[in-house]
Structure formats: structure tokens, C-alpha cells
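Below: one structure, written as C-alpha cells.
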Amino acid sequence: MGKMEEFITKQTCQGANKVFPAPPPLPGPATNCRRKGSLMKNGSAIRGNNCAATATRALWDRLFDGGYKTDVIIKTDNGGIICAHSNILGMASPVLRGMLKQAKGFGHRRPISIHIHGVPQDAVRAFIRFLYSSSYEKEEMKEFVLPLLVMSHTYVVPQLKRVCEQQLEHGLLTIENVVDAFQLSLLCDAPRLTLITHRMIVMTCKAVRETEGWKAMKKSNPALEKELLESMMDEEHGRDIMMQKEKNRKSNEQRIYLQLCEAMEALVHIFRDGCRTIGPHDKDLKEHQTPCDYGDCCKGLELLVRHFASCKLRVPGGCIHCKRMWQLLELHSRLCTDSNSCRVPLCRNLKEKIRKQSKKDEIKWKILVKRILRTKRIGGAPIFVSSNSNSSP
């Protein structure tokens, strides 16, 4: 027996009446081991690069805020001064790198001075901070998104330019700043932003023309105002055309529904009262019967009924005229409220067939019936309720 076994046996005999703690669990499979380069937080693995990225951004922000060993002075309007590091500015912006090289070439001693005018000092500070850590404050972006867009284009910082465009597209674009954003998008070569702002201006032309941005553009760039006005007129003309087309479409639909409604009434009239040459089998037609109120509709239905009665291809898909007659009969059966005593042929049989119809076809028919009833306002009208009455024409 080895020394380890003797030690375990001795400890077990001495502590026979004692309660020993449970042994630690065996090592798990290799798949449960933490991956190299990962950190643990709340029992779950976190990739180290996430924490490093957060820490790195905080480090760059502290370097910018602290101004440790800065060698560049950025001068802004109203005498503002921002200190920065030439190496960071040169790496983040090729334009700033060129300005720094030019300043050194002229024999400037450190610190080197750079001038950024035309934008607020806080906007310049937010811009320089982004060059350090590629981060920004939401409130600063909301307030200075347009100056940041200009500086990102001027100093060739494409990452910031994309951020500004996205922020404008997803919430920061308003009626008040859309004209300015449109003009800057043209100057800053941002075609997507140009399209979005132009569309917004055209769609909200009345409100936009009351803004200060529009009034300033009218004075400074009348040619651009003229182009926008022409676009507005084209858009308004296009809307008028679309509205007229929609009006014509609804008018045509209304006319069709009225014709279908008249056909339903004429169908009941033919089989209930009789007209000209067709009528109920238990009723004699008058030789000199006066024209009915349904005119050509009734005459056309009579011809269709005669064809339907004698056609050898009476199945719905065999003859286009018979197919039309089947559709009229089915539409009548859906409108009729008393199929048991209705004189229109196949009314009751078609109602039984309707119960077995597919859901898709049922929805289409319900929409058609609803629109016909709404067009004519004949819900519960006597022509469909009392189609079995013996009233004379």
C-alpha cells in the first residue's frame, strides 16, 4: 500500500464518527472549459475584445479630456481653444495630417495651431473626441449633427459621416432642419441623404416653406429654390393624376356594383313576375305587355337564360355565357333570404353548395356581396326577401 493510501485509511479510521465534506466534482468535459482569451462574468463567457474595446474607448476619452502632452491647439470661433495630439489627428484624418505637415514645413514650433471656423466650439470638440475614441454623446449628436456632417466631409472622416447620415435618417431629420440637411447633402456628396431630404421636402412642402431654412435658401440660392418648387409642382400634379385615377377606378367599381344589383333585381323579376317571353310556369304572359323598368338589362338576361337552358356545355367551365349565368345565380343565392320558396332556379341548391366552398372563395364572395349591398343600400330589400310573391309588374 502506498503512502497516499495509508494516509487516506488513517484519516478514515480516526474520523469514523465525523461527517466529512463532500469531495469536489470531477473536472467536466473539455467543451465546458473556458476558451482562451475569454473572461467570465455571471457564470458566462465574455469575449475579451469586448471588454478591451470598452476600456480602450475610455482610455482615449481620458487622454483627450486630460490633454496629456498635447502638441496641437485647435482654435475655434469666439476665441475657443481645444488641445489635441498631432499623431492622433493625423492618423484619423488625411486632411488634418496634411495641415499638420504644412505647419511643420513652415517652421512652426510646438504647439501647432489649426483653425476650424464656421461651427460652434462644442461641435468642434465633439468632432475631435470622435477622432480619438470613435464615440459620441447622444445629446451632442442631436444638437450638432449638421456641423458634424460638414466636418466629417471636409476632413474626410467617413465613419463619422456614415453615423451622421444614419442619425438623420432615423430620427434627427425634422421639418425645421430638412432644408439645411438637403443643401448640405448636395455639398457633402451624400446621395442617399439627398434623396431622403428631397422626398421629405416635397411631401411636406407647405410646412417646409414656412421654416427659416427655406427663407434663408430663398435668399442665398434662388436657383435651388426654383428646382424644389418645380419638384413640388410635379409631385402635386402626379398626386392629382393618381387621385383622378383612383376616383375613376372607384366610379367604375360603383357602376359595376350597380349593374350587378340591377341584374339581381331583374333576375328575380323575370322568375317571379315574368317578362316578355320568359316567366313562371304557372303564369300566362300578356301579349301586349308594357316594357318593364329594367329595360335592356332584363332583355339581356332573358337571352342569357334561354342560352343557359339550351346549351350543351352548361358546366361552369365549358361556356363563357353559361359561366356568367352560374355566377349570377350564385350571387342571387347569397343575397336571397328565403331560398325555400324562391322562384329563381337552383337558389336552394347553390346555398347548399356554398356551405362546402373553400375559405378563399368564400372570402371573395363575401366582399362582393358586402360592396353590392353597401352600394345600393338594399340590405333586407323586398326584392330579395319576397322573391316568391305573386305581384304583377
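Note that these values count all heavy atoms, side chains included, but never hydrogens, waters or copies made by symmetry. Since we're looking at a predicted model, the values are computed, not measured.
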**Prompt:** Does any non-hydrogen side-chain atom of Leu59 lie less than 4.5 Å from one of Arg62?
**Reply:**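 They are in contact (side-chain heavy atoms under 4.5 Å apart), so the answer is yes.
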**Item:** Min side-chain heavy-atom separation Met200-Ile175 under 4.5 Å
**Value:** yes
Inter-residue atom distance [X].[atom1] - [Y].[atom2], 0.5 Å rounding:
X      : Y      : atom1 : atom2 : value
Leu224 : Lys218 : CG    : NZ    : 13.5 Å
His332 : Phe271 : NE2   : CZ    : 9.5 Å
Leu131 : Ser152 : CG    : OG    : 10.0 Å
Cys261 : Ile256 : SG    : CD1   : 14.0 Å
His198 : Ser185 : NE2   : OG    : 10.0 Å

**Asked** For Trp365, does the CH2 atom have more than 12 heavy-atom neighbours from other residues, nucleotides or ligands under 6.0 Å away?
**Response**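 Counting other residues, nucleotides and ligands, CH2 of Trp365 exceeds 12 neighbours.
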Is there a donor-acceptor contact under 3.5 Å linking the side chains of [X] and [Y]?
X      : Y      : answer
Tyr136 : Gln167 : yes
Thr174 : Asn177 : yes
His117 : Thr76  : no
Glu225 : Asn221 : no
His115 : Lys75  : no

**Message:** I'd like to know if Arg306 and Glu302 make a salt bridge, using a cut-off of under 4.0 Å between side-chain N and carboxylate O.
**Reply:**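 No, Arg306 and Glu302 are not salt-bridged.
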**Request:** Could you tell me whether Arg125 and Glu140 have a side-chain N and a carboxylate O separated by less than 4.0 Å?
**Result:** no
Over 60° means perpendicular and under 30° means parallel, so tell me whether [X] and [Y] are parallel, tilted or perpendicular.
X      : Y      : answer
Tyr155 : Phe127 : tilted
Tyr132 : Phe64  : tilted
His307 : His321 : perpendicular

So which heavy atom on [X] is nearest to which on [Y], and how close?
X      : Y      : result
Thr197 : Val178 : O-CG2, 3.7 Å
Ala84  : Ile74  : CB-CD1, 4.2 Å
Lys161 : Asp189 : NZ-O, 3.4 Å
Arg249 : Glu253 : NH1-OE2, 2.6 Å

Determine whether [X] and [Y] fall in the same hydrophobic cluster, where Ile, Leu, Val, Met, Phe, Trp and Tyr are linked whenever their side-chain heavy atoms lie under 4.5 Å apart.
X      : Y      : value
Leu184 : Val202 : no
Leu195 : Phe182 : no
Val369 : Leu350 : yes

**Request:** Start with the C-alpha gap between Lys142 and Glu137, add the side-chain angles, then the distance that decides, and say whether salt bridge (Lys or Arg N to Asp or Glu O under 4.0 Å) holds.
**Result:** CA-CA 9 Å; Lys142 184 177 180 180; Glu137 297 294 334; over 6 Å; no
**Message:** Test your reading of the model: is there a side-chain donor-acceptor pair from Thr154 to the backbone of Val150, 3.5 Å cut-off?
**Reply:** yes
